[in-house]
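A, B, ... follow the sequence lines: proteins, then strands. Residue 1 opens every chain. These numbers were taken from a predicted model, which means no experiment stands behind them.
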There are 2 protein chains.
Amino acid sequence: MDTLTALNKFREHVAIFVPLNDAEWRALVPYLEVSTLKKKKNFAEPHKICNHIALVVKGSVRFFHVKDGEEITGYFSFENEFATSYKSFLTREPGINYIQTLEDTQLVTLSYNAMQQIYDDQLIGKKMERFGRLIAEHYLICYEDRVASFITQTPEERYNKLLETGGEVLQRIPQHYVANFLGITPVSLSRIRRRIMKISA
Amino acid sequence: MDTLTALNKFREHVAIFVPLNDAEWRALVPYLEVSTLKKKKNFAEPHKICNHIALVVKGSVRFFHVKDGEEITGYFSFENEFATSYKSFLTREPGINYIQTLEDTQLVTLSYNAMQQIYDDQLIGKKMERFGRLIAEHYLICYEDRVASFITQTPEERYNKLLETGGEVLQRIPQHYVANFLGITPVSLSRIRRRIMKISA
DNA sequence: CCAAATTCTTATCTTTTGTTAACGTTCTGA
DNA sequence: TCAGAACGTTAACAAAAGATAAGAATTTGG
């Protein structure tokens, strides 16, 4: 995808939260960067400050922790979703997880410094504050649901819910990543699937 | 606590995120409400839209779901912490959980409508957009950590971490609420505690 | 194209958790 | 003040999950 198309995808996606007129868009563009990462390249790493927030315009990324040498996958971002190691990005402290591309992936990114400049911009500052707020609120809601699912549901219930609602993850992601995402081991997910098979059969 | 003291506590707490000068504060005050709830009163309920965000200036509240007639506690807010059923508040859809006072509690609240008016206010709109953003970002980070703990840690590890870091919850909250908070049953937490006792003894 | 790596399932065994119930203690509200 | 409710622990059993390993199928990368 060429740079212009990528930028336009970004504009479209931002418009879901705050529509920008042409003048505002022109003010924003200089802050944006378009980058392409090959498969299995890191966008964020532990012990490093995550300096960018990215919109995935093509491809996908995976969030994971490494514990005792094992990768534990926590999240995914597909096309038209944002990705950043939020805590590290916001606090300017080293992060604790990887964000890695699952395939060749194109990103439109904003650096932390660019973000702060934008917030203080005369023309678009207020609108972008709102944008930042709405993005944070959006992901806050996602996490609220997710924490609720960990507290109120069994792994099997979480998987069933994922079957009902979530398409993309189940289609495009290896099952052992999904297991981590649900908070269980791959072996355990395999057993849950068999259990469900037997019941519905 | 009298109304003026409560409002000043609110101002102080907001100042952590965005300091307000006197003119700005005077513009904000008319939107604020101070209310007192007796112990075990609901601030939010399932099937009802949560219309307010609250700062707890005195007392404490507990978030919980009800599943199969059982209460499952997910969170607490103590003094100088905000409380709202975020998803319901933001999406204007009925919530799925209770928020209930644990003791006689005093709150400074903002209604959803007030919030929207404030965001569009000429004088303080931009600053309050930032405030809303920073609050959402703050709680987003809390949730990011919490989800990571569910994915990467065992219940025992989560409890040990809580012992290290969290004071207030452990001091002021019945143990079976803490168990829910950790994603396990009260019986299981009791066993974990015994296990830890034996090791450290 | 083929060897190596990855993925998923299955089995076995161990550990942990859930469930239910009992018991003593503490708290609470009428 | 006093009876009932709530709380924490423990026990016994069932269910589920973790750990490890083996094996088949698939994918991948050189």
Strand contacts (DNA chain C) in residues 60-77 of chain A, 4.0 angstrom heavy-atom criterion
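Close to the strand, none.
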Which pairs count as side chain to side chain donor-acceptor pair (under 3.5 Å) when at least one residue sits in residues 10-19 of chain B, sequence neighbours excluded?
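For residues 10-19 of chain B, and leaving out neighbouring residues, the side chain to side chain donor-acceptor pair (under 3.5 Å) pairs sorted by first residue read B:R11-B:D22.
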Donor-acceptor list for residues 28-43 of chain A side chains, cut-off 3.5 Å, not counting sequence neighbours:
from, atom 1, to, atom 2, distance (Å)
A:N42, OD1, A:Q100, NE2, 2.9

What residue pairs, at least two apart or across chains, pass salt bridge (charged side-chain N to carboxylate O under 4.0 Å, His left out) with a residue in [range]?
range	value
residues 81-90 of chain B	A:D145-B:K87
residues 176-186 of chain A	none
residues 49-66 of chain B	B:R62-B:E71

Any N/O pairs under 3.5 Å between the protein and nucleotides 18-25 of chain D? List them or say none.
from, atom 1, to, atom 2, distance (Å)
D:dG18, OP2, A:T185, N, 3.3
D:dG18, OP2, A:T185, OG1, 3.1
D:dG18, OP2, A:S188, OG, 3.4
D:dG18, N7, A:R191, NH2, 2.8
D:dG18, O6, A:R191, NH1, 3.3

When the side chains of residues 179-188 of chain B are checked against the rest of the protein, which donor-acceptor pairs come out under 3.5 Å, sequence neighbours left out?
from, atom 1, to, atom 2, distance (Å)
B:N180, OD1, B:T73, N, 3.1
B:T185, OG1, B:S188, N, 3.2

Provide the start and end nucleotides, 5' to 3', of the part of DNA chain C that has atoms under 4.0 Å from heavy atoms of chain B.
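The contacted stretch runs from C:dT17 to C:dT28.
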Minimum heavy-atom distance between A:L123 and A:A23, given as atom pair plus value
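Shortest heavy-atom separation between A:L123 and A:A23 comes out as CD2-O, 4.0 Å.
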Please list, chain by chain and in numerical order, all residues satisfying ring-ring contact (aromatic ring centres under 6.0 Å, His included) with A:Y112, sequence neighbours excluded.
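By the ring-ring contact (aromatic ring centres under 6.0 Å, His included) rule, A:Y112 matches A:F89.
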Show me the donor-acceptor pairs, under 3.5 Å and distance only, between side chains in residues 132-139 of chain B and residues at least two apart or in other chains.
from, atom 1, to, atom 2, distance (Å)
B:R133, NE, A:E129, OE1, 2.7
B:R133, NH1, B:E137, OE1, 3.4
B:R133, NH1, B:E137, OE2, 3.2
B:R133, NH2, A:E129, OE1, 3.1
B:Y139, OH, B:F82, N, 3.0

Relative orientation of the end axes in the helix from C:dC1-D:dG30 to C:dA30-D:dT1, expressed as an angle to the nearest 10° (five pairs per end)
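Overall, the helix from C:dC1-D:dG30 to C:dA30-D:dT1 bends by 60° from one end axis to the other.
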